[in-house]
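One structure is given below, encoded as structure tokens.
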Amino acid sequence: MICSSCGSSIETFNRFCPKCGAPVHFQTPPPAGPSGYQPTYNPPPQQMYSGPGGAAPPPRKSSCGKIVLILGSILVLLLGAVGAAIYFGYGALEKKLKSSEAYTVAVQALKENPEVQDKMGEIQETGFPLGAYTQNDQGSGDAAFVMSVKGAKASGQYQVEMKRSGGVWRIVTGKVRLASGETIDVGDRPGVADEIEDANLNTNADDVIGDQKAGVVDGGILNSKALTLPKPPYPPIARQVKASGTVVVQVLIDENGNVIQARPISGHPLLQAAATAAARNAKFAPRKVGGKAVKVRGLINYNFVAE
């Protein structure tokens with residue numbers, strides 16, 4: 001056989017020219033037959049391969065695009081995971097702060113402040129409390145919060161610093177700055193320490209005479225002297241933070257044995273309202289001095305045990 005490309009002689013079993021490497025595309029002149037007819041050999045088409053003088057293979061697609069796509073997908077998943085972690089972590093932190101006893105006392109003081117009620121209306125919403133609190137088993141602790149507050153009439157920012165002593169949280173400073181720029185002071189009711197001191201009345205004769213002249217005598221601790229002494233309910237908000245301890249309520253009893261005044265002078269802030277309401281419903285026997293009914297001032301103690 002003769003290569004149609006370079007004219008070299010090729011054995012019949014070769015598929016490529018050993019000299020130029022071209023595939024066999026030629027006619028093989030077999031020996032002429034008796035009739036002089038020379039058949040034409042047309043081999044089947046062969047797959048083209050690269051080689052000397054052959055056609056180049058088709059270009060391969062680059063894998064860079066797939067790598068970029070995979071890396072992009074991984075990055076999106078990572079960002080989604082980080083975002084979810086931040087979101088749920090934020091929610092858990094907010095729940096922890098808002099369930100703390102310090103936060104509860106601070107918000108309670110805000111809602112009960114008369115000036116806040118007058119200028120902001122009912123507090124409808126409080127934002128995320130930026131800050132922190134610490135407390136220990138010895139009854140002490142510190143806390144500081146800054147949060148947005150929204151009332152029915154106005155909105156503002158509430159900033160409060162607190163201290164815990166004897167297991168009771170007290171507001172050191174509390175201020176609400178309204179959107180208008182006005183500031184409202186929020187804090188514990190002033191003069192609590194003085195009231196406690198004044199309420200520790202002596203029972204000696206001189207003090208009784210002095211009170212008797214004013215028409216009021218000292219009754220001391222009145223729990224055992226009550227005809228009826230309703231037990232205060234455990235407030236749900238106090239149960240949530242496990243508030244406990246003794247609340248002391250100072251009362252004034254009229255000549256008929258009815259409580260006409262009651263005010264808390266010590267105890268956990270979340271328990272004082274329930275104790276005061278119970279004290280107002282107490283009933284006593286009329287107190288007489290020299291055959292004349294008189295008013296009595298004294299103390300009622302309510303002990304709350306965490307449930």
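Residue numbers start at 1 and run along the sequence shown.
- Considering all non-hydrogen atoms of both residues, Tyr234 and Lys242 come closest at OH-C, 4.0 Å.
- Hydrophobic clustering keeps Val149 apart from Val146 (ILVMFWY residues linked when any side-chain heavy atoms are closer than 4.5 Å, directly or through intermediates).
- By the side chain to side chain contact (heavy atoms under 4.5 Å, CB included) test, Thr276 pairs with Val249, Ala262, Pro264, Arg280, sequence neighbours left out.
- Listed by chain and residue number, nothing satisfies the side chain to side chain contact (heavy atoms under 4.5 Å, CB included) test with Ser224 (two or more places apart in sequence, or in another chain).
- For the salt bridge (Lys or Arg N to Asp or Glu O under 4.0 Å) test, residues two or more places apart in sequence or in another chain that qualify with Asp142 are Lys163.
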Could you go step by step and tell me if Ser266 and Val248 meet the side chain to side chain contact (heavy atoms under 4.5 Å, CB included) rule? CA-CA 5 Å; Ser266 68; Val248 180; 3.2 Å; yes

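- Looking at heavy atoms from C-beta onward, Val176 lies out of side-chain contact with Thr183 at the 4.5 angstrom threshold.
- Take Thr246 and apply the side-chain hydrogen bond (donor to acceptor under 3.5 Å, both in side chains) test, not counting sequence neighbours, and it matches Asn303.
- Put simply, CD on Gln250 and CG on Leu222 are 10.0 Å apart, with the number rounded to the nearest 0.5 Å.
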Side-chain polar contacts of residues 151-162 - donor-acceptor pairs under 3.5 angstrom, sequence neighbours left out - could you list them?
unit_1	atom_1	unit_2	atom_2	d
Lys153	NZ	Asp118	O	3.1
Tyr158	OH	Ala106	O	3.0
Gln159	OE1	Arg177	NH1	3.4

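- Across every non-hydrogen atom of Val247 and Ala275, the tightest pair is CG1-CB, 3.6 Å.
- Linking ILVMFWY residues whenever their side-chain heavy atoms come closer than 4.5 Å, directly or via other members, leaves Val105 and Val172 in distinct clusters.
- Lys150 meets the side-chain hydrogen bond (donor to acceptor under 3.5 Å, both in side chains) test with no other residue; sequence neighbours excluded.
- For Asn258, the side-chain hydrogen bond (donor to acceptor under 3.5 Å, both in side chains) partners are Lys283, not counting sequence neighbours.
- Residues Asp185 and Lys175 have side chains in contact (heavy-atom distance under 4.5 Å, counting atoms from C-beta outward).
- Closest approach of Tyr302 to Pro232, counting heavy atoms only: CD2-CD, 3.4 Å.
- The closest side-chain heavy-atom distance from Arg263 to Gln272 is not below 4.5 Å.
- The salt bridge (Lys or Arg N to Asp or Glu O under 4.0 Å) search around Lys119 returns Glu115, Glu182, not counting sequence neighbours.
- Pairs engaging residues 266-279 under the salt bridge (Lys or Arg N to Asp or Glu O under 4.0 Å) rule: none recorded [sequence neighbours left out].
- Here the side chains of Leu299 and Val251 are not in contact, with every heavy-atom distance at 4.5 Å or above.
- Residues passing the side chain to side chain contact (heavy atoms under 4.5 Å, CB included) test with Ala282 are Leu229, Pro230, Val259, Phe284, Ile300, sequence neighbours excluded.
- The closest side-chain heavy-atom distance from Leu271 to Pro235 is below 4.5 Å.
- Proximity of Asp218 to Arg297: side-chain heavy atoms (C-beta onward) are nowhere separated by under 4.5 Å.
- When the side-chain hydrogen bond (donor to acceptor under 3.5 Å, both in side chains) test is applied to Asn301, no partner is found at least two apart in sequence or on another chain.
- Applying the side chain to side chain contact (heavy atoms under 4.5 Å, CB included) test between Pro269 and each of Glu112, Arg170, Gln108 identifies Arg170 as the sole match.
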Go through the steps for Val296 and Leu252 under the test side chain to side chain contact (heavy atoms under 4.5 Å, CB included), then give the verdict. CA-CA 6 Å; Val296 179; Leu252 180 64; over 6 Å; no

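- The heavy-atom pair separating Thr228 from Asn281 by the smallest distance is OG1-O, 4.2 Å.
- The side chain to side chain contact (heavy atoms under 4.5 Å, CB included) check on Lys111 picks up Val107, Ile123, with sequence neighbours excluded.
- Contact annotation: the side chain of Ile253 never approaches that of Lys295 to less than 4.5 Å [non-hydrogen atoms, C-beta and beyond].
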